[in-house]
Every structure is written in structure tokens, then in C-alpha cells.
Amino acid sequence: MKKFGEKFMLGAATSAHQVEGNNIHSDCWVMEHLPGTTFKEPSLQAADHYNRYKEDIKLMADAGLNTYRFTIEWARIEPVKGQYNQKEVEHYRGVLNFCHKNGVTPIVTLHHFSSPKWLISEGGWESESTIEYFRDYSRYVVSELGDLIPYICTINEANMGVQIKRVMEDFMTQGESENKNKPEHGDVQVGINMDMSVVEEYYQSLGVAFDIDPRQVHTFLSPRSENGDILIMKCHEAARRAIKELKPAIQVGITLSLYDYQALPGGEDYVQALQDEDFLHYLPFIHDDDFLGVQNYSRKVYGPNGKVEPNENTRTTQMGYEYYPESLKGVIELVSSHWKKPIIITENGISTNNDEERVEFIERALNSVHECIEKGFPVIGYTHWSLLDNFEWQLGYSKAFGLIAVDRITQNRYPKESLIKLGDYRYQEI
Ligand code: BGC
């Protein structure tokens, strides 16, 4: 086994809404409880990480991991527009201090899909005012906690709304019979439920819940318009400027969901268009960033007639997409040919109930990372998704991405073999 260099950040990632529990001021919480909700179940207590973060960070550190990527949840910090909650700031101060005490470098995400409910009522992720709101929240977090934060990812998977729009459009143009077997859509990275039978009722109740026209409900995981796409990048830029003004030493970046798009002869134009939409057109907005967060789970193959669907022999994960750990290599190579600053693999992982598959996945994915580093690509860290089995958005608790299993009744933790195996890759003095 090839170990990483001394300074390499090796760890695991979570997001607040997926693990903390009781994120009651968030838009997700609202949507999970609506009549006709598209969420298969509500997040409720999640993995109770809010109360058990010490145990979780300790398990990670004991396994040899030195980095933890987690979210400071906007809906907790600013549950009401303009009113910051000091008690929640102190909670996250506790998490950050505990990381440092245990030799774990924190990478903080300021927004990971869930938003404060009020933000959506104000127009959400298609409204210009969000630029100012996000900047102010970012500035506040850094003014309070900046001394404890070495790395910030402003926005998680800034391109997810664009990917969701693409999948929705494909879904609408495909025949009913083609779609009915895949309401859990393997074509989009994140857990969304495409069971259209419930959508109409849900849609109406959304407008009531956010007290606006349902057509104006724009959460982070809503299909994104071209304007909305650029707006998100403006939020990022405004936040980066605010952070740097206060604490220039904090390393700031954004994260993108990137598939390894591979072209068979004749599929090159599809691949080029997708790489542009998912990555290349963001380059001007991230030019002044310190690092790029790369998130990758699989590949997609394109031929002369578009996407080549996996066949019955293709090995797939619980999420429905191809089991292909080497996709990480393709993505790092693509990114490195356009981006010369540090890269952190902020997410990479697999949903499976068979932990041996995860162990194999980690081994193959990390071999790819090693190969890339040997070629001189500036990969400085890898945080596996995810530290804990958690709430996979609209698909609820049915997917197991964790290095640690969580008993949903007792909230007891059960570290898996994959946690130990991942820790083994950490640099050790011989
Ligand atoms: C998201 C996570 C999600 C993971 C697995 C990523 O797109 O950032 O929140 O749980 O993929 O689907």
C-alpha cells in the first residue's frame, strides 16, 4: 500500500443537514414535512451528530485520519433573517476546537444544499438579494470563528442545480415506460426522487409553506436557470472577498460535482459540451480561489448517439450509477489541464451495504490519486464521503455511504473496516 506524504490531508466529509439532526429552520426540514413530500422520509434526528460530534471526530482521529470536512449550517447561524444565533456559533466553536485538539484539520463548508427557510421565501437561489445575504452570513461566521478555520468551501457542488435541470429535461422527454423503473435516478449524483405521481400535490404545498408563488420556490436543489447559475458564482465571489478581507490566510475554494465523461468514437461533442457545462465555464469565477474542491463518484460514457446506458453486466452501486473508482483519475486529469492551483478531493465514495466493496473502492480510488500526484498534479487532500451513514436527501436513510454505521434507533456507532483501511493510507514515520 502506497501511503500519502506527510502533509497530505486525509479524512472524511459530512454535511450538516445529513448528519446533525433537527435542522428545523432549514428549507429541507420544511419540505420533508409537507403533504405529498418527495422526500421518502424526514431527516428528524439524522445521525445526531450535533450531540455526538466528539465521539465521531474521535473515531476518525483514532483511525488515523487528519482532516474533517463539515458544514456550518446557515439555517442554524441565521434562523431568522438578520438575526444571528450566538449559541450556535458556540456549538461550532466547540466542533472546531475539538478538531484541533485531536490533530484534525477542519475544512468548513458554508453552504451544503440546505438553506434557511427565510432565504427561499425571499426568492432563494434565483434572486440577486441572495448574493448579499450569503456574503453577510459568510462574513459573520468568519468574524466569529475565522481564527479556527484554515480552509473554507463556500458552496458545495455549485453546479448541482444545472445537473438537476439537465436530468429533469431528459426525464420529461423520455417515455413513461423508460422512466417508471428508475424513480431513484442514477443519472444525477445526489439523491433525488423522480416519482412524478406525487409531484403536483407537493408543488402546491410548497407555495403555501414558503408563502410565495410555487413557481418562485428556488431551493438549492431546484433546476437552475442560466441566471441562477451565474448568481451562485457571484455569491461565491462575494463571500470569498468578505472572508479574505477579514482573514486573508484562510484558503477559500468552491466545490463542483464532476463526472468522468468519457467519449467513444463519435461521442466527443457530447463530452465537450458536458465538461463545459459542469466545469469549464466556471473558471473565470474561481480564478482567484486558493483551491478547488473536486467531488466525483462515477463516470458516464458517450457515443455517437448520446449516453451509453449501463447494461446488465455493468457493476452498479446502490445509487444506480456505475461502480468505477478510477473515474477520479479522469476527473483530476481534466481539472489539472485547466487549473494549476491545489485540488482537494472534497468528496468521493460509494453507497453499498457491503463494506468489502467500499474497501476495494477506496483502494482503487486512492491508487488513482497516487498516480495523479506522481504525475505532478497538485492534489493536497482527500475527504471520503462519508464519515457516517446518513440522510441521502430525498432518498432518506436507504443509502449507506458511511465509514461508520449508525443504528437508527440507539444512535450507536459501528466503525466499519473501511474506516480503518482509509486511515492506513496516512503518512507514518517508520
Ligand atoms: C453531495 C452529498 C451526497 C453525496 C452522495 C454529493 O453530491 O454533496 O450531499 O450525499 O453526493 O450522493
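One-based numbering, in listed order, for ligands and for the atoms of each. Note: hydrogens, waters and symmetry copies are ignored here, and every other heavy atom, side chains too, is used.
Centroid-to-centroid, the aromatic rings of Phe279 and Trp339 stay 6.0 Å apart or farther. Centroid-to-centroid, the aromatic rings of Trp29 and His25 stay 6.0 Å apart or farther. Not less than 6.0 angstrom separates the ring centroid of Phe113 from the ring centroid of His17. A distance below 6.0 Å separates the ring centres of His91 and Tyr53.
Distances below 4.0 Å separate heavy atoms of Phe401 from the following atoms of ligand 1: 5 (C), 12 (O). The atoms of ligand 1 that sit less than 4.0 Å from any heavy atom of His112 are 1 (C), 2 (C), 8 (O), 9 (O). Of all the atoms in ligand 1, the ones that sit under 4.0 Å from a non-hydrogen atom of Gln295 are 8 (O). Which parts of ligand 1 touch Trp393 is read off a 4.0 Å heavy-atom cut-off, strictly below it: atoms 2 (C), 3 (C), 9 (O), 10 (O). For ligand 1 and Glu157, the ligand atoms under 4.0 Å from any heavy atom of the residue are 1 (C), 6 (C), 7 (O), 8 (O). Near Glu392, with a cut-off below 4.0 Å to any heavy atom, the atoms of ligand 1 are 3 (C), 5 (C), 10 (O), 12 (O).
Between Glu322 and Arg315 there is no salt bridge, since no side-chain N of the basic residue sits under 4.0 Å from a carboxylate O of the acidic one. By the 4.0 Å N-to-carboxylate-O rule, Arg299 lies too far from Glu326 to be salt-bridged with it.
With atom 6 (C) of ligand 1 as the reference point, the heavy atom nearest to it among Gln318, Glu347, Gln18 is part of Glu347.
Not a single N or O atom of Ser15, backbone or side chain, sits closer than 3.5 Å to an N or O atom of ligand 1.
Looking at Lys341 and Leu292, their side chains never come closer than 4.5 Å, going by heavy atoms from C-beta outward.
Residue contacts with ligand 1 for Asn156 involve side-chain atoms from C-beta outward but no N, CA, C or O (heavy atoms, distance under 4.0 Å).
Judged by the shortest distance from any of its heavy atoms, Lys399 lies outside the 4.0 Å radius around the atoms of ligand 1.
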